[in-house]
Novice: 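Just dropping this structure here.
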Amino acid sequence: MASGLVALLDDVAALARAAAASIDDIGAAAAKAGTKAAGVVVDDAAVTPQYVRSLAAERELPIIKRIALGSLRNKFFIILPAVLLLSQFVPWLLTPILMLGGAYLCYEGAEKVWAKIAHHDADGAGEETVQDETTLVSGAVRTDLILSAEIMVITLNEVIDEAFWSRLAILAVVAVVITVLVYGVVALIVKMDDAGLRLSQRSGAVATFGRALVRAMPVVLTVLTVVGTAAMLWVGGHILLLGTNELNLHFLYEAVHHVEAEAHNATGVLGGLVGWLVNTVASAILGLIVGALVVVVMTLTLHRRKSKAAAATAAATTRTDGTIPAPPSRAARRLERPRVPGWGRSKR
């Protein structure tokens, strides 16, 4: 019995060592894959604060929490099952789906650029402080869906040769860690002004630092808005650039790669940075062009229909209020028409 118990303990210890080694492998693979997706993680952290910049201070953290929970739902209930099933059975569909998401990001970024150019934000400045939180969270979660999908697909690409269950574990680890990292950083960013206000109530250098924080936060949030918009265009354009290459439309990718290589070779020690900048700017320009085209199409179709429906609703509301009388019906017009002797009689 004693020898059997010892053998059982040895087996348990061996299984524990194997499990620990497997966990270490999963952790190492998740760290490597997460590093590959670091650029999109930065974009996600830059995009999100613009959704809460006009909220009351006490609503910022609750809204960030709702967006973070929405992000986790995106990753675990939509993206993770989708990418695993697609990679297992129809891997060729991943690229077109990801390109649709990239086009949506381009549209979001181009729409913000157009709103700034056309001063639409100035017209609606009075409404900025009374945002519909549900709509705001929905918009943020939709944008997060695209960025999270990019992160998860990059991660999947790094572990595509792993077994199914290892892929599942690695993607789950990356999903949790990146969500906590991104929205933790976002929470710190948007609450820095509150921290500065509290520090400013103290004395000496601490108060000076607190006042500097408070003064700096509007600038920081404005910069983050610009960076977030640029990030949408960059990531969306980059997705489209890579996607067209994978779909055997090589001319765009090869042109950008050629310019990137020339810039890299011409700048010596700074070649890596300059090459990356060339690729980033080219992706952003492509994203802006595609996004502008989508904005035009949406403006001429969906937005126009929505405007007509809103105008019709407003007109109906105005008429029921009695300020503008409703146009008479055809029967009413016939009744109101002056009677002419002999009009309408049949001739005998």
Side-chain angles (χ1 to χ4, degrees), residues 33 36-44 46-47 74 78-79 82-114 142-161 171 227-265 271-302:
K36 291 285 185 179
V40 188
V41 173
V42 172
D43 300 336
D44 205 354
V47 167
N74 283 342
I78 300 176
I79 301 170
V83 297
L84 285 173
L85 289 173
L86 290 173
S87 65
Q88 192 74 15
F89 299 109
V90 280
W92 57 269
L93 265 180
L94 281 173
T95 296
I97 291 173
L98 198 57
M99 289 180 71
L100 285 176
Y104 176 77
L105 275 182
C106 296
Y107 163 69
E108 285 272 302
E111 191 176 42
K112 292 180 186 300
V113 172
W114 171 246
R142 280 196 303 271
T143 301
D144 174 89
L145 178 65
I146 309 303
L147 292 170
S148 295
E150 173 72 353
I151 291 168
M152 299 295 274
V153 170
I154 291 173
T155 303
L156 177 65
N157 189 53
E158 292 299 310
V159 297
I160 196 68
D161 295 328
L171 288 169
V227 171
T229 302
M232 288 180 182
L233 296 172
W234 165 37
V235 175
H238 194 64
I239 292 172
L240 295 176
L241 190 65
L242 294 178
T244 53
N245 187 57
E246 291 184 16
L247 294 177
N248 295 320
L249 302 172
H250 304 296
F251 63 97
L252 275 177
Y253 181 84
E254 289 178 351
V256 172
H257 182 70
H258 175 72
V259 176
E260 180 183 354
E262 291 292 330
H264 183 283
N265 295 333
L273 175 61
V274 173
W276 177 83
L277 286 174
V278 168
N279 189 289
T280 298
V281 171
S283 298
I285 292 172
L286 175 62
L288 183 59
I289 293 171
V290 172
L293 292 175
V294 178
V295 167
V296 170
V297 172
M298 295 292 286
T299 301
L300 295 177
T301 56
L302 183 62

Novice: Under 3.5 Å, side-chain donor or acceptor atoms of residues 243-253 against the rest of the protein: list the pairs with distances, not counting sequence neighbours.
Specialist:
{"residue": "T244", "atom": "OG1", "partner": "L240", "partner atom": "O", "Å": "3.1"}
{"residue": "T244", "atom": "OG1", "partner": "L241", "partner atom": "O", "Å": "2.8"}
{"residue": "N245", "atom": "OD1", "partner": "H250", "partner atom": "ND1", "Å": "2.8"}
{"residue": "E246", "atom": "OE1", "partner": "T95", "partner atom": "OG1", "Å": "2.7"}
{"residue": "H250", "atom": "ND1", "partner": "N245", "partner atom": "O", "Å": "3.4"}

Novice: Is V256 close to L286 at the side-chain level, that is, under 4.5 Å between some pair of heavy atoms?
Specialist: no
Novice: Between CG of L171 and OG of S87, what distance do you get to the nearest 0.5 Å?
Specialist: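 Going from the CG atom of L171 to the OG atom of S87 covers 8.0 Å.
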Novice: To the closest 0.5 Å, what do you measure between CG (L288) and CE (M232)?
Specialist: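 It comes to 13.5 Å.
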Novice: Report yes if the side chains of V113 and L233 come closer than 4.5 Å at any heavy-atom pair, otherwise no.
Specialist: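 The answer is yes, as the side chains (C-beta and beyond) meet within the 4.5 Å cut-off.
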Novice: Which pair of non-hydrogen atoms, one from A149 and one from I79, has the smallest distance, and what is that distance?
Specialist: N-CD1, 3.5 Å
Novice: Let me confirm one number: the CG-OG1 distance from L273 to T280, rounded to the nearest 0.5 Å.
Specialist: 9.0 Å
Novice: In Å, rounded to the nearest 0.5 Å, how long is the span from OH of Y104 to OG1 of T143?
Specialist: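 Reported value, rounded in 0.5 Å steps: 4.5 Å.
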Novice: Under a 4.5 Å cut-off applied to non-hydrogen side-chain atoms, are R142 and E108 in contact?
Specialist: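 Side chain of R142 against side chain of E108, heavy atoms only: no contact under 4.5 Å found.
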Novice: Taking the side chain as every heavy atom from C-beta outward, state whether E254 and H258 have any pair of such atoms under 4.5 Å apart.
Specialist: no
Novice: Looking at CH2 of W234 and CD1 of I239, how far apart are the two atoms once the value is rounded to the nearest 0.5 Å?
Specialist: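 Separation between the atoms: 11.0 Å.
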Novice: Nearest 0.5 Å, what's the CG-NE2 distance between L277 and H264?
Specialist: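 These two atoms lie 12.0 Å from each other.
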Novice: Of the non-hydrogen atoms in H238 and S283, which two are nearest, and what is the gap between them?
Specialist: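 Reported closest heavy-atom pair: ND1-OG, 3.3 Å.
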Novice: Testing V295, V294, L300 one by one against M298 for a side chain to side chain contact (heavy atoms under 4.5 Å, CB included), which residue passes?
Specialist: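 Of all the options given, the one that passes is V294.
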Novice: Give the minimum heavy-atom separation between A292 and A110, together with the two atoms involved.
Specialist: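 Between these two residues, the closest heavy atoms are N-CB, 3.6 Å.
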Novice: Where do G287 and C106 come nearest, in terms of heavy atoms and distance?
Specialist: O-CB, 3.2 Å
